[in-house]
Amino acid sequence: MVDASTDANVVDVRSLVPAQRHAKIFELVNALEPNASFVLVNDHDPKPLYYQLEAEYPGQFSWTYVESGPDVWRVAIGKHAKAA
């Protein structure tokens, strides 16, 4: 289950098994409205996800580290207006 209890725009995927994480994150990215964003909370640096998103949606999203470990990573992921 994804914990978004503290904020509707915070998605904590640490409780998901690793095989489910990318699918859930792609689902959330696909549902983003232009200029909207969410904060991904993970237990490791999600940099490989960045490359996967960039390959699928080149130049269509923003990726900003809010916290960079060592135990928790938080990344703000947003959809650019031009990606609509």
Side-chain angles (χ1 to χ4, degrees):
M1 175 171 231
V2 175
D3 177 14
S5 58
T6 56
D7 184 337
N9 293 325
V10 174
V11 179
D12 188 339
V13 295
R14 294 176 291 179
S15 64
L16 295 176
V17 295
Q20 296 175 334
R21 293 180 184 186
H22 280 208
K24 181 62 180 174
I25 295 162
F26 267 85
E27 178 183 309
L28 294 168
V29 168
N30 285 328
L32 273 178
E33 295 292 325
N35 294 319
S37 65
F38 65 91
V39 175
L40 171 67
V41 180
N42 206 352
D43 57 7
H44 64 276
D45 187 351
K47 192 68 167 183
L49 174 67
Y50 169 81
Y51 294 118
Q52 192 176 2
L53 286 171
E54 186 60 30
E56 291 287 325
Y57 310 104
Q60 296 181 35
F61 68 93
S62 61
W63 179 279
T64 307
Y65 283 96
V66 177
E67 184 176 349
S68 297
D71 297 318
V72 176
W73 277 260
R74 295 177 199 279
V75 178
I77 300 171
K79 183 178 275 187
H80 296 308
K82 66 181 178 189

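With sequence neighbours left out, the side-chain contact (heavy atoms from CB on, under 4.5 Å) criterion links N35 to A81.
The CD1 atom of I77 sits 12.0 Å away from the CG atom of N9 when rounded to the nearest 0.5 Å. Between L49 atom CG and N42 atom CG the span is 8.5 Å, to the nearest 0.5 Å.
Considering every non-hydrogen atom in both L32 and K79, the closest pair reads O-NZ, 3.0 Å. Taking every heavy atom of both residues into account, Q52 and H22 meet most closely at OE1-ND1, 2.6 Å. Looking at every heavy atom in both residues, R21 comes nearest to V13 through NE-O, 3.2 Å.
Within the 3.5 Å criterion, the main-chain N or O of V41 finds no donor-acceptor partner in the side chain of R14.
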Give the table of side-chain donor-acceptor pairs shorter than 3.5 Å for residues 62-73, with sequence neighbours excluded, one pair per line with atom names and distance.
| from | atom 1 | to | atom 2 | distance (Å) |
| --- | --- | --- | --- | --- |
| S62 | OG | G78 | N | 3.3 |
| Y65 | OH | D45 | OD1 | 2.6 |
| E67 | OE1 | R74 | NE | 2.8 |

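With hydrophobic clusters built from ILVMFWY side chains whose heavy atoms lie under 4.5 angstrom apart, V17 does not share a cluster with I25.
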